[in-house]
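See below for the structure under consideration.
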2 protein chains.
Amino acid sequence: MENNTSQNRVLGTSSVAYGSPVLIMGSGSIVGQMENEGPLAGNFDKVSDDKNDMFGEDSWEKAESALQKEAVALTLSKTCAETKDIRFLYAGDLLGQNIASSFGLVDYNIPLFGLYGACSTCGESLCLGSMSVAAGYADRVMSLTSSHFASAQKEFRYPLEYGGQRPLYASWTVTGSAAFLLQHVNASGKSVSGKTIKNEYEGKYQKKIGITGVTPGRIEDFGIKDSFNMGCAMAPAAAWTIATNLKDFGRKPQDYDAIFTGDLGSVGQQALFELLSQEGIDISDRHYDCGLLIYDTEKQDVHAGGSGCGCSAVVLSAYILPKLAKGEWKRVLFVPTGALLNKTSFNEGQNVPGIAHGVVIETVDEEGTDTK
Amino acid sequence: MENNTSQNRVLGTSSVAYGSPVLIMGSGSIVGQMENEGPLAGNFDKVSDDKNDMFGEDSWEKAESALQKEAVALTLSKTCAETKDIRFLYAGDLLGQNIASSFGLVDYNIPLFGLYGACSTCGESLCLGSMSVAAGYADRVMSLTSSHFASAQKEFRYPLEYGGQRPLYASWTVTGSAAFLLQHVNASGKSVSGKTIKNEYEGKYQKKIGITGVTPGRIEDFGIKDSFNMGCAMAPAAAWTIATNLKDFGRKPQDYDAIFTGDLGSVGQQALFELLSQEGIDISDRHYDCGLLIYDTEKQDVHAGGSGCGCSAVVLSAYILPKLAKGEWKRVLFVPTGALLNKTSFNEGQNVPGIAHGVVIETVDEEGTDTK
């Protein structure tokens, strides 16, 4: 395998531009029932058949592990790859000590990098996964994240049985998981067993999709102390990552057909626009928030929108990548956003800082190079 | 900066051998009082001056954050580097949602990859940090981890005030943190401010030290259910990573002057030897466990030995790296070990699987290449 690594370029404060795109070969998504009652209904690969979203398990935590296990299985199935074709997993979730990932992935026997970036983890896993592939360390890796409404409420706020009231600026944790198979542009097209590994998007739409660069984020702390108000807690981090990405790559917002944040919701979106406007950046005509895309915030009683590690992951899998593959967009900036807290830090009166990781995703031409 | 990335080699199941060593420029360690009363007393850069190891803070969690903040400060100070010289941080801890790292590192404003590999996180952070530097994505990164006895007991078992009994096969969580500054062999020797960045080991011992390869680990689950018996829970993962490292690199145990596991303790060490002997591998004449090195298990009432994210980190910083720099060893395999559980998974009766990440560390000659 030829590496192309010498053409990777280190840019500005935090970014890397890859010499060749890291191909996204396919992605599997699984969600709860409520996620399939919103605007993206029908786009997910698998939906819970149980109104409690237990996925056949007897605890919420095990249900979330089942989500990760299934997201990997769906992705392998759609691409005709096998576990031995995947050199590394980059995975994380919201539960203490990443137990959804540990117990969901144990049976696959694939070397694992456990990650924690709160709801930004989907971005972190795509950054690290694509960096590894672009460096030639692996032909194929998988990046994945999950969240589950009930396990997250128990982990961060109150168990559902307590019946606590949620303020109107709170978001609703998405029950879902999505995995992404990333492949080196020069990797063999054959599985270890000799089967041809399929590119889901090329198969459906004659277009390939790749990650062409990343902008890992840093922690931003603007002093928010309310763990329900995650949108405002994360907006400064999203603003930093978006502004840094534009500066590092020498781009304007118009160089992206769309810019996605993870789960700022309606309240955080306004904060993001205000923070960026202070730097003379206006993304309002091309900004979407995965938390606002996944639910109908008027009809579904989710208040500020969706959130969770699974939110941006399933929206990327079920909505953004297919739109790229169809040619509706050519280049997007995907910026999952995370709020850094736990029950103890909240109870001890600490702030809720945020972090956001940026991933540039584009359609790629026949030779596997950028379209632009 | 020339990359040398084309000479990085992908080996076997899980390993990468770097074309040029990733230099460890320096490392800072800070520990609690008890850690400085064991066999490594006097080797640490800073020791708590408070018998409760609060490090000036009013909660155990904040004390652990103070450890991480100080480990970075010590490492920057020893190498004359500044925060702007560090492109990425790779950090993690044992607390839910990595809050020790988030709050300890927020003020440095350096892009952060939050990691969770339980007590293997020091290995994970050195793997990912060195992979990034070897790929040419950064001139310099920092890898770090921490643990605190009191915050870990509260997080995983019982708060100290409860006075719970610890079984004899339990380990004692190390209060400590260490950071490692990794630098590309071709990076400029100048800080952003124009100061010369110093190599701690070359300065003291005329020898450089580098990471020359990695073997990221996978989850191994042998059905252990007792969260106190972490040594046995982690031994299978350590055995897998050591055996895979030897196979991938085509080496015998004798090709390493020493092989270190993270925190198997006395019970887990025996399990490791038995598991490796089933594959015809005998490392008993060159195996050390960081958990057995840091405490005097006879006199310090720690039962099976030390554990925690900080254990392997401070032993590497204060003991292993100086021995390499002095020329007592030329090549070692460093394998921090982690037990994957949280309070909920334990209470719900789930197993305690393990994971271990392998890092090859060597003295390097004048030209920055391997001595062997």
Side-chain angles (χ1 to χ4, degrees), chain A residues 1 3 5-6 8 10 13-14 16 58-59 61-62 87-88 92 94-99 102-103 105-106 108-118 121 124 127-128 131-132 134-139 154-156 215-221 340-345 348 350-351 353 355, chain B residues 1 3 5-6 8 10 13-14 16 58-59 61-62 87-88 92 94-99 102-103 105-106 108-118 121 124 127-128 131-132 134-139 154-156 215-221 340-345 348 350-351 353 355:
Chain A
M1 190 178 81
N3 270 345
T5 51
S6 57
N8 296 330
V10 174
T13 304
S14 177
V16 179
D58 63 3
S59 78
E61 292 78 17
K62 290 181 191 166
R87 195 167 176 91
F88 302 125
L94 293 179
L95 302 183
Q97 290 75 36
N98 269 9
I99 56 165
S102 300
F103 293 103
L105 302 173
V106 57
Y108 287 114
N109 291 324
I110 302 171
L112 167 72
F113 293 105
L115 310 178
Y116 187 79
T121 308
E124 184 180 357
C127 282
L128 287 168
M131 287 165 86
S132 182
Y137 295 144
D139 276 352
K154 177 173 157 189
E155 181 76 25
F156 289 95
T215 304
R218 69 180 203 187
I219 304 176
E220 290 285 320
D221 181 3
L340 300 167
L341 78 157
N342 77 0
K343 265 186 297 208
T344 307
S345 71
E348 291 179 352
Q350 297 227 61
N351 293 345
I355 192 165
Chain B
M1 189 177 81
N3 270 346
T5 51
S6 58
N8 296 331
V10 175
T13 303
S14 178
V16 179
D58 62 4
S59 79
E61 292 78 17
K62 289 181 192 167
R87 194 167 176 92
F88 302 125
L94 293 177
L95 302 184
Q97 290 77 35
N98 268 11
I99 56 165
S102 300
F103 292 103
L105 302 173
V106 56
Y108 287 114
N109 291 322
I110 301 171
L112 167 73
F113 292 106
L115 310 178
Y116 187 79
T121 308
E124 184 181 355
C127 282
L128 287 169
M131 287 165 87
S132 183
Y137 295 144
D139 276 353
K154 177 173 156 190
E155 181 76 26
F156 289 95
T215 304
R218 69 180 203 187
I219 304 175
E220 290 285 320
D221 181 3
L340 299 168
L341 78 155
N342 76 2
K343 265 187 297 207
T344 307
S345 71
E348 290 179 353
Q350 297 228 60
N351 293 345
I355 191 164

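Sequence lines set the chain letters: A, B, ... in the order given, protein chains first and strands last, and positions in each chain run from 1. Here the structure is a predicted model, which means the values were calculated and not measured.
If you measure heavy-atom distances from Thr13(B) to chain A, the contacts under 4.5 Å come from the backbone alone. Interface remark: Ile355(B) contributes side-chain atoms only to the contact with chain A (heavy atom separation under 4.5 Å). Residue Leu115(B) touches chain A through both its backbone and its side chain, counting heavy-atom pairs closer than 4.5 Å. In this structure, chain B has no heavy atom under 4.5 Å from any part of Tyr108(A). Residue contact with chain B, scored on non-hydrogen atoms closer than 4.5 Å, involves the side chain of Ile99(A) exclusively.
Ile219(A) and Ser102(B) get closest at one heavy-atom pair: CD1-O, 3.4 Å. Heavy atoms only, all atoms of each residue included: Tyr137(A) and Ala134(B) are closest at OH-CB, 3.4 Å. Nearest heavy atom pair, residue Phe88(B) against residue Met131(A), reads CE1-CE, 4.1 Å.
Side chain to side chain, Glu348(A) and Ser59(B) meet the donor-acceptor criterion of an N or O pair below 3.5 Å.
Of the listed residues Asp221(B), Leu128(B), Val16(B), Leu340(B), the one with more heavy-atom pairs under 4.5 angstrom with chain A than any other is Leu128(B). For the set Cys127(A), Gly217(A), Gly117(A), the count of heavy-atom pairs under 4.5 angstrom toward chain B peaks at Gly217(A).
To the nearest 0.5 Å, atoms CG (Asn342(B)) and CZ (Phe103(A)) are separated by 7.5 Å. To the nearest 0.5 Å, the span separating OG1 on Thr344(A) from NZ on Lys154(B) amounts to 5.0 Å. Taking OG from Ser14(A) and CD1 from Ile110(B), the interatomic distance works out to 11.0 Å, rounded to the nearest 0.5 Å. Note: Ser345(B) OG to Glu61(A) CD = 8.5 Å, rounded to the nearest 0.5 Å.
Contacts of Glu155(B) classified as salt bridge (charged side-chain N to carboxylate O under 4.0 Å, His left out), with partners at least two apart in sequence or in another chain: none.
Of the possible donor and acceptor atoms, one in the side chain of Gln97(B) sits under 3.5 Å from a partner among the backbone N and O of Leu94(A).
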